Amino acid sequence: MNIVAEPVKKSFKTQMLEARELAITASVNRLLSEKGFDAMTVDEVAAEVGIAKASLYKHFSSKEELACAAMVQAMQKAQAFLEELQAQSNPSEGPSAGIALNKLKATTRWTLELKLAGQMPTLPSHNSSLRASLMASRPYMDGLMKVSEVLGGWIVQAQQDGYINASLPPLAVLYTIYARACDPVVEFLKMSELHTDEEIIDIIMTTCFSGLNARSN
């Protein structure tokens, strides 16, 4: 006889702590998206969540740990999105359907939607102390490797299918797609108030995947 163990119920205190940490990382995500790591302050995060700075440090010991937790959360969201895309594959469709390219486009569009909604943290600069924290974070680096592996596979397939320039190194294409998460053109177009969010996304998608050339080569 198999006995199925009942899931352990979390205490009310534990649930409240987890809810607070989610609120904290959500605020950090927005601030990282809005102004970046260097300009963000712990005081701003505490004020936005509505807790004392001392209480904030009970959850996260430093500004780097705060931002790292938000970046890990963002990476987990990306993994979940890519897994959902993979599950939508239709084996009956051949390479000519451009499945790999469509998945790359869907991923880029999703990234831009999050960025415009203030939910995509800006990647740290090369000399940022956050970069060192992320490099030392096993959850973040494991997530980054998994996301890169999935996207890299789609890039190679799209090149083989003739939808992406095969002379370009796949790594360069991957970095180009990653760069859309911190593309300043999005903010410039948003500030101009000349385009809707959907129009901005379409513009970035076109320049990313079709370039600026008015003629097909």
Side-chain angles (χ1 to χ4, degrees), residues 32-33 36 71 74-128 130-131 134-135 140-192 194-217:
L32 286 175
S33 174
M71 296 293 287
M75 190 60 67
Q76 290 172 340
K77 287 175 66 175
Q79 285 181 259
F81 179 80
L82 295 185
E83 287 173 2
E84 184 178 342
L85 272 184
Q86 286 180 307
Q88 296 172 2
S89 297
N90 186 348
S92 65
E93 294 182 312
S96 60
I99 297 175
L101 178 65
N102 288 338
K103 291 185 186 301
L104 290 171
K105 287 184 174 181
T107 302
T108 305
R109 178 173 291 276
W110 174 77
T111 300
L112 291 169
E113 288 172 349
L114 288 183
K115 183 172 179 61
L116 283 166
Q119 299 174 18
M120 178 58 68
T122 302
L123 296 174
S125 64
H126 183 73
N127 296 321
S128 171
L130 173 57
R131 181 181 174 85
L134 290 175
M135 294 292 287
Y140 179 81
M141 293 306 297
D142 284 351
L144 179 61
M145 292 298 293
K146 290 176 182 177
V147 167
S148 297
E149 183 178 351
V150 173
L151 293 177
W154 291 342
I155 289 169
V156 171
Q157 186 61 58
Q159 289 180 313
Q160 292 176 351
D161 296 342
Y163 290 101
I164 291 180
N165 189 341
S167 67
L168 294 173
L171 189 61
V173 179
L174 177 65
Y175 289 160
T176 298
I177 292 175
Y178 276 152
R180 303 290 68 76
C182 49
D183 192 340
V185 175
V186 176
E187 279 81 11
F188 294 149
L189 291 175
K190 183 74 173 179
M191 288 189 295
S192 74
L194 297 175
H195 306 280
T196 65
D197 285 358
E198 188 60 32
E199 288 172 341
I200 291 173
I201 291 173
D202 287 340
I203 290 170
I204 302 300
M205 291 289 292
T206 299
T207 56
C208 179
F209 288 96
S210 301
L212 303 175
N213 197 337
R215 300 177 301 171
S216 59
N217 293 324

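All values derive from a computational prediction rather than experimental measurement.
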Trace of the side-chain contact (heavy atoms from CB on, under 4.5 Å) decision for L194 with E199: CA-CA 9 Å; L194 297 175; E199 288 172 341; over 6 Å; no

When every non-hydrogen atom of A100 is compared with those of A158, the smallest separation belongs to CB-N, 3.9 Å

Begin with the C-alpha distance, continue with both residues' side-chain angles, and end with the deciding distance and a verdict on side-chain contact (heavy atoms from CB on, under 4.5 Å) for L104 and I177. CA-CA 8 Å; L104 290 171; I177 292 175; 3.9 Å; yes

Kindly give the heavy-atom pair with the smallest separation between S33 and M120, and that separation in Å. CB-O, 3.1 Å

When you measure from the side chain of Q88 to the backbone of K103, do you find a donor-acceptor pair of N or O atoms at a distance under 3.5 Å? no

What closest approach, in Å, do F81 and T107 show between heavy atoms, and which atom pair accounts for it? CE2-CA, 3.7 Å

Residue pair M141 / L134, side-chain heavy-atom distance below 4.5 Å: no

Closest non-hydrogen atom pair between L114 and K77, with its separation: CD2-NZ, 4.1 Å

Please round to the nearest 0.5 Å and tell me the distance separating atom CG of L101 and atom NZ of K105. 4.5 Å

Under the side-chain contact (heavy atoms from CB on, under 4.5 Å) criterion, do W154 and V173 qualify, and how do the steps go? CA-CA 11 Å; W154 291 342; V173 179; over 6 Å; no

Check: residues 179-191 side-chain donor-acceptor pairs under 3.5 Å, at least two apart:
| from | atom 1 | to | atom 2 | distance (Å) |
| --- | --- | --- | --- | --- |
| R180 | NE | D183 | OD2 | 3.1 |
| R180 | NH1 | T176 | O | 2.5 |
| R180 | NH2 | D183 | OD2 | 3.3 |
| D183 | OD1 | V185 | N | 3.0 |
| E187 | OE2 | K115 | NZ | 2.9 |
| K190 | NZ | D197 | OD1 | 2.5 |
| K190 | NZ | D197 | OD2 | 3.3 |

Residues 200-208 side chain polar contacts: donor-acceptor under 3.5 Å, at least two apart:
| from | atom 1 | to | atom 2 | distance (Å) |
| --- | --- | --- | --- | --- |
| D202 | OD1 | R109 | NH2 | 2.9 |
| T206 | OG1 | D202 | O | 2.8 |
| T207 | OG1 | I203 | O | 3.3 |
| T207 | OG1 | I204 | O | 3.0 |

Output the distance between atom NZ (K146) and atom CD (E149), rounded to the nearest 0.5 Å. 9.5 Å

Derivation and outcome, side-chain contact (heavy atoms from CB on, under 4.5 Å), residues L82 and L151: CA-CA 9 Å; L82 295 185; L151 293 177; 4.1 Å; yes

Is the closest side-chain heavy-atom distance between N102 and Y163 below 4.5 Å? no

